[in-house]
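As structure tokens, the structure follows; a few thoughts come after it.
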There are 2 protein chains.
Amino acid sequence: MREAHHAECPMDSLLRLLMGPWTSYIIWVLRNEGPTRFGELKRKVPGISAKVLTERLRMLEGAGLITRHHEPTIPPQVTYALAPRGEELRGILDTLNSVALRWRAEDQTQQAQSGEPTCVPAPADKPATSPADSKTVSA
Amino acid sequence: MREAHHAECPMDSLLRLLMGPWTSYIIWVLRNEGPTRFGELKRKVPGISAKVLTERLRMLEGAGLITRHHEPTIPPQVTYALAPRGEELRGILDTLNSVALRWRAEDQTQQAQSGEPTCVPAPADKPATSPADSKTVSA
DNA sequence: AATTTCGGTTACGAAAAGATAACTACTTTA
DNA sequence: TAAAGTAGTTATCTTTTCGTAACCGAAATT
């Protein structure tokens with residue numbers, strides 16, 4: 001019902017995709033941690049259930065934002081990573097993050113990020129598989 | 001429950017704010033149409049109910065993204081507009097829109113935006129953002 | 001031999017969100 | 001006099017979503 005109203009708008013579709021409660025956080029974790037396995041991802045996203053995590057992952061995969069690599073070993077290993085399109089989102093997420101950081105700093109009218117948890121652990125993230133730096137920093 | 005997990009992350013808070021079903025669309029309309037009255041806004045967002053629209057508007061206002069100008073005339077006129085912080089989001093929304101547009105074009109592997117509805121009517125938007133008349137009645 | 005691990009899926013109940021409609025106050029219009 | 005319009009609010013009902021728990025197969029571990 002909600003997706004039938006103005007789904008013809010590309011941005012709205014994208015926004016609608018990114019809109020789910022955990023969606024952005026999952027992308028954020030993948031962005032910061034690099035390729036991550038299901039269980040580890042679940043551990044990284046504190047309160048999420050396997051059901052919702054699977055659901056979001058499937059949605060994201062269907063949208064081409066992440067990839068799913070299934071290693072059919074006996075304890076199966078499923079690794080998720082940002083797809084090229086997910087990588088394209090990095091610039092936007094970074095910009096959004098800087099805006100959010102700035103606003104918070106303005107709200108505090110004082111120190112921006114002193115000992116504050118920044119959610120983005122390190123600028124030098126794990127070069128797990130994608131050594132390609134943010135080449136799509138558009139904004 | 002959902003907002004207690006990692007609400008300390010500025011970006012997640014912002015994402016969480018932008019996340020609501022109609023939220024982004026409202027900002028988008030305000031961005032494209034300029035200051036808009038409640039009824040007109042409701043007409044611009046096809047399937048929204050007054051309840052949800054009010055709720056989103058209040059939330060957005062509380063976050064400082066939009067302003068609410070209440071003219072206490074007899075048929076009351078309430079006009080909503082992007083606040084400075086809402087304006088700051090324009091770049092991000094534009095980038096996101098261009099990404100969405102590009103992806104859609106890639107999906108079609110052919111013409112990008114021929115006769116497609118673009119959701120962003122005109123780059124030359126209404127300059128009605130003068131802060132002189134927006135008193136911001138504050139809740 | 002039984003349990004644990006891994007990456008899920010399924011069913012079920014609870015909770016949250018949303019839709020709908022009625023109602024507010026006041027003026028203008030028919 | 002009655003209806004419409006403006007900007008909502010409130011209540012109730014329905015829909016959707018979410019969390020929890022159980023379960024899956026097979027191999028490794030205890």
Side-chain angles (χ1 to χ4, degrees), chain A residues 1-7 12 15-26 29-30 33 35-62 66-81, chain B residues 1-7 12 15-26 29-30 33 35-62 66-81 134-139:
Chain A
M1 180 184 291
R2 256 122 57 181
E3 58 278 356
H5 284 304
H6 41 277
D12 189 69
L15 244 8
R16 207 167 284 272
L17 184 75
L18 262 18
M19 244 157 46
W22 301 108
T23 312
S24 54
Y25 201 73
I26 292 170
V29 169
L30 248 24
E33 304 288 330
T36 309
R37 291 175 57 183
F38 182 85
E40 195 183 342
L41 204 49
K42 189 172 179 303
R43 258 169 257 130
K44 287 275 197 291
V45 183
I48 202 168
S49 64
K51 176 191 165 188
V52 175
L53 180 56
T54 302
E55 189 182 303
R56 295 288 179 270
L57 255 14
R58 296 268 179 268
M59 184 183 61
L60 257 18
E61 186 196 1
I66 65 174
T67 56
R68 179 175 183 269
H69 177 68
H70 179 221
E71 198 72 37
T73 56
I74 276 317
Q77 295 189 0
V78 180
T79 304
Y80 294 92
Chain B
M1 178 185 289
R2 256 120 57 178
E3 59 277 358
H5 283 305
H6 41 276
D12 189 70
L15 245 8
R16 207 166 284 269
L17 183 75
L18 263 18
M19 244 157 46
W22 301 109
T23 313
S24 54
Y25 201 73
I26 292 169
V29 169
L30 249 24
E33 305 288 329
T36 309
R37 289 175 58 184
F38 182 85
E40 194 183 342
L41 204 48
K42 189 172 179 304
R43 258 169 257 129
K44 287 277 197 292
V45 183
I48 202 169
S49 64
K51 176 191 165 189
V52 174
L53 180 56
T54 302
E55 188 184 304
R56 293 288 180 270
L57 254 13
R58 296 265 180 273
M59 183 183 63
L60 257 17
E61 187 196 1
I66 65 174
T67 58
R68 179 176 183 266
H69 177 68
H70 179 221
E71 198 73 36
T73 58
I74 277 316
Q77 295 190 359
V78 180
T79 303
Y80 294 91
S134 58
K135 298 300 193 304
T136 313
V137 192
S138 74

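In what follows, every chain begins at residue 1, and chains take the letters A, B, ... in the order their sequences are listed.
The 5' end of DNA chain C is approached more closely, in terms of each residue's nearest nucleotide, by A:Phe38 than by the other of B:Ser49 and A:Phe38.
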Under 3.5 Å, sequence neighbours excluded: what are the donor-acceptor pairs made by side chains of residues 51-61 of chain A?
from, atom 1, to, atom 2, distance (Å)
A:Thr54, OG1, A:Ala50, O, 2.7

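Annotation for B:Thr79 and B:Pro35: closest pair CG2-CB, 3.7 Å, computed over non-hydrogen atoms. Smallest separation of non-hydrogen atoms from B:Pro46 and B:Tyr25: CD-CE2, 4.2 Å.
Regarding B:Glu55, its CD atom lies at a distance of 13 Å from the P atom of D:dT10, rounded to whole Å. Here the C1' atom of nucleotide C:dG7 and the NE2 atom of A:His69 are 14 Å apart, to the nearest Å. Distance NE2 (A:His70) to C1' (C:dG7): 7 Å, rounded to an integer number of Å. Nucleotide C:dG8 holds its C1' atom 10 Å from the CG atom of A:Leu53, rounded to whole Å. In this structure, CD1 of B:Ile48 is placed 8 Å from P of C:dA19, rounded to the nearest angstrom. In this structure, A:Glu40 places its CD atom 11 Å from P of C:dC6, rounding to the nearest Å. Atom NZ of A:Lys44 is separated from atom C1' of C:dG7 by 17 Å (rounded to the nearest Å). A:Ile66 places its CD1 atom 14 Å from the P atom of C:dG7, with the value rounded to the nearest Å.
Listed nucleotides: C:dG8, D:dG19, D:dT9. Nearest to the side chain of B:Arg58: D:dT9. Listed nucleotides C:dG8, D:dG8, C:dG18 differ in distance to B:Ala50; the shortest reach to its side chain belongs to D:dG8. Closest to the A:Val52 side chain, of the nucleotides D:dC18, C:dG18, C:dG8, is D:dC18. Taking the side chain of B:Lys51 as heavy atoms from C-beta on, and the options D:dT10, C:dC12, C:dG7, the nearest nucleotide is D:dT10.
With sequence neighbours excluded, the residues that form a salt bridge (charged side-chain N to carboxylate O under 4.0 Å, His left out) with A:Glu40 are A:Lys44. Residues forming a side-chain contact (heavy atoms from CB on, under 4.5 Å) with B:Val78 (at least two apart in sequence, or on another chain): B:Arg68, B:His70, B:Tyr80.
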Expected rows: protein N/O vs nucleotides 1-6 of chain D N/O, under 3.5 Å:
from, atom 1, to, atom 2, distance (Å)
D:dT6, O3', B:Arg37, NH2, 3.0
D:dT6, O3', B:Pro76, O, 2.8

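Interatomic distance, A:Lys42 NZ to A:Arg37 CZ, rounded to the nearest 0.5 Å: 14.5 Å. Rounded to the nearest 0.5 Å, atoms CD1 (B:Ile66) and OG1 (B:Thr23) are 10.0 Å apart. Note that CG of A:Leu41 and CD1 of A:Ile48 are 7.5 Å apart. Values are rounded to the nearest 0.5 Å.
Between the two ends of the helix from C:dA1-D:dT30 to C:dA30-D:dT1, each summarised by a five-pair axis, the helix axis turns through 20° (rounded to 10 degrees).
Between A:Arg56 and D:dC18 there is a side-chain polar atom (N or O) within less than 4.0 angstrom of OP1 or OP2.
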